[in-house]
Amino acid sequence: MSGEGSGAIGAEAPPAPRPRRFSVNAVLDGFFFVYAGIAAVWLAWLVFTESFAFGWWGIAFFVAFWVLLAYLVLPRLHRILTTIYVPDYFIGRARTSDGLLGDPVNLAVDGSAEALHAAMLRAGWTRADEITLRTSGRIITSTLTRRSYDEAPVSPLFLFGRQQDAAYQQEVEGNPARRHHVRFWRTPDGWLLPGGRRVDWLAAGTFDRAVGFSLFTLQVTHKIDADTDVERDHIVATVLAANPEARVEVLRDFATGYHSRNGGGDSISTDGDLPVLELDAVPDAAAPPLGAAAAPPVKEPS
Amino acid sequence: MSAGPAPDAAPGRFPVPAAGPAPVPVPRKRAAFESPAVLAEREAAPPTMRRPIATSLGAVLVMLRVVAGVIWMVAFALSWRPVLSDEFGVEVVPGSEDDQTLTLVLVVILVVAGLGLLVVALFGLAVYRGSNVARLLVMTFTTFSITAAAVDYFTGGEEITVRTTLLTLSLDILVMLALSSRAARAYARRPRPKRRRA
């Protein structure tokens with residue numbers, strides 16, 4: 001197969017290899033991606049018909065059918081279709097891993113990664129863990145035992161084709177179903193907001209109000225509060241209150257046109273203002289480096 | 001991602017229309033939908049990528065396929081003589097030459113099947129270690145297997161239930177789904193530091 005050597009990797013050869021127009025590997029991958037999706041639809045149908053043949057055991061088959069549909073078939077179909085019909089440039093919305101439109105981008109930040117991290121910690125926010133098998137298991141146990149897990153990972157959302165660089169959250173009343181959370185993406189170099197403003201970070205902050213079923217994939221997800229402005233103003237207020245050096249500038253009516261649904265099918269309404277937090281003056285000492293994913297949680301007294 | 005506006009797009013730089021009849025501009029059209037070729041594009045991955053769950057799961061499912069094969073081999077060996085005598089009417093005297101031949105045939109079949117399963121297991125291991133070639137070959141095999149089952153099902157009317165081939169078919173399809181996922185693709189095609197002997 002042609003995968004590894006094609007394209008940009010062989011850079012040290014003196015006559016630069018011509019960039020390949022397409023690679024066999026990529027075409028195969030695209031084919032397998034779609035073929036697996038179609039085969040999964042068939043499998044879901046087979047399991048569904050099987051659920052009528054076993055009496056009460058059919059319920060188990062029906063659950064298997066739902067798991068198959070919600071976590072394998074529909075995400076794959078959404079991925080294939082959204083690749084074709086959702087444009088991949090900035091439209092003020094993050095996208096889920098299935099390509100559906102996710103939370104609205106409702107906050108921007110100017111400042112270094114360290115300053116952002118220090119400001120968020122001081123404002124009483126907790127850095128969310130990465131999703132691994134271990135943290136996933138801890139989510140399940142903490143949900144079943146109703147114990148608090150305030151560094152619980154947040155689901156991946158994508159902006160600029162990348163997963164969030166950092167996510168922060170505040171648990172409400174020790175209940176894992178309800179939490180404030182905000183995801184941050186570093187903007188690409190030289191990238192400007194529509195309208196020409198340059199910012200270092202874009203963020204999407206929403207409030208998880210309950211656990212429920214996603215409208216589009218039938219998965220169990222957090223349902224977000226429709227009024228995303230409340231969460232946005234909460235983030236800005238906490239950061240400003242805890243960091244006297246921070247300033248905020250508001251781009252009025254930046255996203256007034258966006259009133260729709262997020263990836264879980266929750267509707268979103270907003271006044272469209274985009275606050276830009278200026279954190280350049282925030283001292284970044286006394287905070288663990290942002291890159292350290294396993295940084296010990298810093299509890300703030302406030 | 002598109003970069004910002006070009007630096008020369010400042011106000012006052014607009015071209016002044018020349019005198020005389022202006023040429024009629026022909027609008028360049030583009031399709032009203034995004035290109036599906038993006039589905040086949042290379043997934044960008046950081047060089048130090050951890051093994052995604054999809055890759056591990058795909059390898060585990062390939063191994064389960066091997067386990068299913070071993071179970072089939074045991075069942076086959078146990079039912080070899082009964083099936084021969086009941087279905088085909090082959091009756092042999094124990095200890096005769098025919099008896100030894102039948103045992104030899106069984107052993108040959110089991111050895112060939114065992115070697116095949118060994119190859120599949122090696123492929124599973126290679127997938128786990130992130131080999132792209134192994135991933136593509138495993139998906140090619142499962143594509144043929146699924147297609148064959150689908151042709152039987154939709155034309156021959158062969159029933160696929162739990163009692164027949166639903167289990168192996170679902171293993172095949174789950175292997176396909178796991179290994180064709182974007183995470184597994186990015187991991188198998190991740191840029192690797194070149195190992196080069198000095």
Side-chain angles (χ1 to χ4, degrees), chain A residues 1 3-4 6-9 12 22-23 25-40 42-43 46-47 49-50 53-54 61 64 68 72-73 75-76 79-80 82-90 97 130-133 136 160-162 187-193 196 198, chain B residues 1-5 7 32-44 46 50 53 56 132-140 142-143 146-147 149-150 153-154 159-163 165-166 169-170 172-185 188-192 194 196:
Chain A
M1 297 298 134
E4 325 284 312
S6 69
I9 298 175
E12 74 277 311
F22 76 88
S23 84
N25 195 335
V27 173
L28 274 178
D29 268 327
F31 167 76
F32 287 136
F33 196 81
V34 175
Y35 192 87
I38 297 168
W42 183 41
L43 178 63
L46 287 176
V47 171
T49 52
E50 194 72 352
F54 279 85
F61 275 92
L68 205 60
L72 296 175
V73 176
R76 178 61 60 101
R79 184 74 244 174
I80 294 170
T82 55
T83 303
I84 295 171
Y85 70 72
V86 179
D88 205 19
Y89 47 79
F90 178 76
S97 52
E130 308 276 323
I131 295 187
T132 60
L133 277 181
S136 309
F160 310 115
R162 289 197 340 265
T187 55
D189 291 339
W191 187 84
L192 304 174
L193 279 176
R198 186 187 299 276
Chain B
M1 270 303 109
S2 60
F33 49 85
E34 303 295 314
S35 163
V38 179
L39 283 174
E41 261 180 18
R42 177 176 286 242
E43 289 292 325
R50 295 177 50 193
I53 296 175
S56 316
N132 192 39
V133 174
R135 187 180 69 96
L136 289 175
L137 284 178
V138 166
M139 286 200 291
T140 309
T142 48
T143 300
I146 293 168
T147 307
Y153 179 77
F154 287 109
E159 274 199 66
I160 296 180
T161 67
V162 173
R163 294 192 183 84
T165 54
L166 182 61
L169 177 70
S170 46
D172 278 343
I173 293 178
L174 292 179
V175 165
M176 273 297 274
L177 273 175
L179 294 187
S180 69
S181 69
R182 291 166 9 118
R185 183 197 310 179
R189 301 182 69 181
R190 71 198 183 280
R192 295 170 172 84
K194 287 215 163 171
R196 182 128 325 151

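Reckoned from all heavy atoms, side chains included, excluding hydrogens, waters and symmetry mates. Given the structure is predicted, the values throughout are model-derived calculations rather than measurements. Letters go in sequence order (proteins before strands), and every chain restarts at 1.
When Thr147(B), Asp172(B), Thr142(B), Leu174(B) are compared by the number of non-hydrogen pairs under 4.5 Å with chain A, Thr147(B) comes out ahead.
For a residue to count as touching a neighbouring chain, one of its non-hydrogen atoms must lie under 4.5 Å from one of that chain's; by this rule Ile53(B) touches chain A with the side chain only. There is no contact between Leu179(B) and chain A, counting heavy-atom distances below 4.5 Å. Proximity to chain B (any heavy atom under 4.5 Å) is shown, for Leu193(A), by neither the backbone nor the side chain. Looking at Thr140(B), both its backbone and its side chain come within 4.5 Å of chain A, counting heavy atoms on both sides. For Ala149(B), the parts lying under 4.5 angstrom from a heavy atom of chain A are both the backbone and the side chain. Proximity to chain A (any heavy atom under 4.5 Å) is shown, for Ser56(B), by neither the backbone nor the side chain. Proximity to chain A is limited to the side chain of Ile173(B), based on heavy atoms less than 4.5 angstrom apart. For a residue to count as touching a neighbouring chain, one of its non-hydrogen atoms must lie under 4.5 Å from one of that chain's; by this rule Arg79(A) touches chain B with backbone and side chain alike. Contact annotation for Val86(A): only backbone heavy atoms (N, CA, C, O) come within less than 4.5 Å of a heavy atom of chain B. Both the backbone and the side chain of Ala150(B) come within less than 4.5 Å of a heavy atom of chain A.
Put simply, the side chain of Arg185(B) reaches to within 4.5 Å of the side chain of Phe33(A), judged on heavy atoms. Within the 4.5 Å cutoff, no side-chain heavy atoms of Ile38(A) are placed close to those of Trp42(A). Counting only heavy atoms from C-beta outward, the side chains of Asp88(A) and Thr83(A) never approach each other to under 4.5 Å. The shortest side-chain heavy-atom distance between Tyr153(B) and Leu169(B) does not fall under the 4.5 Å cut-off.
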Exercise for the section: Start with the C-alpha distance between Leu28(A) and Arg135(B), add both sets of side-chain angles, then the distance that settles side chain to side chain contact (heavy atoms under 4.5 Å, CB included), and finish with yes or no. Expected result: CA-CA 11 Å; Leu28(A) 274 178; Arg135(B) 187 180 69 96; over 6 Å; no
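Ring orientation note: the planes of Phe160(A) and Phe90(A) are close to parallel, at an angle under 30° on the 30°/60° scale.
Considering Val73(A), Leu72(A), Ile80(A) as possible partners of Arg76(A), the one that fulfils the side-chain contact (heavy atoms from CB on, under 4.5 Å) test is Ile80(A).
Counted by atom type alone, Tyr35(A) and Ser180(B) present zero donor-acceptor pairs between their side chains at under 3.5 Å.
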